[in-house]
Amino acid sequence: MWDRLKSINLKYVLLGIFLIVLLMQVIGIDQTEPRHLAADDILVAEAAPIAVVNIMHSACYDCHSYETKYPWYSSVAPISWWTKNHVNEARENLNFSDWTHFSLKRQHKKLYECIEEVKESEMPLASYTYIHKDAKLTQDQRQILINWFESILAE
């Protein structure tokens with residue numbers, strides 16, 4: 001009797017979990033990107049070489065720009081909520097699409113932070129490169145970014 005009652009309860013618990021997960025899918029995230037001018041972007045404003053453009057697009061721009069490419073799994077709750085929150089926080093910290101809106105002092109501060117984050121291999125995040133293998137930077141790619149950030153500071 002007790003075993004049968006446990007199996008019935010387990011079925012209801014599993015059904016309840018399934019229904020909750022199903023209902024969570026109704027709460028989608030907004031994946032539309034704000035309108036912005038290309039001229040405001042760091043890659044345009046600072047005339048980035050093609051090597052830098054390629055590195056930045058593969059390793060930085062999904063989180064730190066208005067050019068986020070949401071993968072299929074970012075439409076599945078609760079992963080979608082985590083992804084959107086992560087992108088929002090990253091953009092709040094540094095949004096390369098709004099580069100020309102920053103004061104010169106803030107630009108310099110952000111460039112120094114970028115240099116440090118790239119040197120220390122803190123960016124891109126390991127959780128991001130685990131799924132996005134092309135975002136994992138080689139030492140040469142890191143040096144290209146560092147040299148470019150430093151060249152902007154030297155101007």
Working to the nearest 0.5 angstrom, can you tell me the gap between [X] [atom1] and [Y] [atom2]?
| X | Y | atom1 | atom2 | value |
| --- | --- | --- | --- | --- |
| H86 | N88 | NE2 | CG | 10.5 Å |
| T68 | K84 | OG1 | NZ | 7.0 Å |
| H108 | S103 | NE2 | OG | 9.5 Å |
| W148 | E46 | CH2 | CD | 6.0 Å |
| K119 | L145 | NZ | CG | 12.5 Å |
| I55 | D134 | CD1 | CG | 12.0 Å |

Following the transitive rule for hydrophobic clusters with a side-chain heavy-atom cut-off under 4.5 Å over Ile, Leu, Val, Met, Phe, Trp and Tyr, establish whether [X] and [Y] coincide in one cluster.
| X | Y | answer |
| --- | --- | --- |
| I42 | V44 | no |
| Y66 | V53 | no |
| M56 | L37 | no |
| V118 | L125 | no |

Practice item. Could you go through the side-chain hydrogen bond (donor to acceptor under 3.5 Å, both in side chains) check for Y61 and D41 one step at a time? Key: CA-CA 11 Å; Y61 267 49; D41 192 284; 2.5 Å; yes

Practice item. Please test E89 against N85 for side-chain hydrogen bond (donor to acceptor under 3.5 Å, both in side chains), starting from the C-alpha separation and ending with a verdict. Key: CA-CA 6 Å; E89 286 180 2; N85 184 59; 3.3 Å; yes

Quick one: closest heavy-atom pair of [X] and [Y], and the distance?
| X | Y | answer |
| --- | --- | --- |
| T100 | A39 | CG2-O, 3.6 Å |
| P124 | A59 | CB-O, 3.5 Å |
| A135 | S58 | CB-O, 3.2 Å |

Check your understanding: Does any N or O in the side chain of D62 come within less than 3.5 Å of the main-chain N or O of K69, such that one atom is a donor and the other an acceptor?
Key -> yes

Check your understanding: Parallel, tilted or perpendicular for H132 and Y128, by the 30°/60° rule?
Key -> parallel

Review point. Strictly by modelled atom types, are Q143 and N147 linked by a side-chain donor-acceptor pair under 3.5 Å?
Key: yes

Review point. Would one find more than 12 heavy atoms of other residues, nucleotides or ligands at under 6.0 Å from atom NZ of K105?
Key: no

Practice item. Decide if atom CD of E116 counts as having more than 12 heavy atoms of other residues, nucleotides or ligands within a radius under 6.0 Å. Key: no

State, yes or no, whether a side-chain contact exists between [X] and [Y] at a heavy-atom distance under 4.5 Å.
| X | Y | answer |
| --- | --- | --- |
| S65 | N95 | yes |
| L43 | F96 | no |
| E113 | L94 | no |

**Study point:** Option from R91, K110, M123 for which side chain to side chain contact (heavy atoms under 4.5 Å, CB included) with H64 holds
**Key:** M123

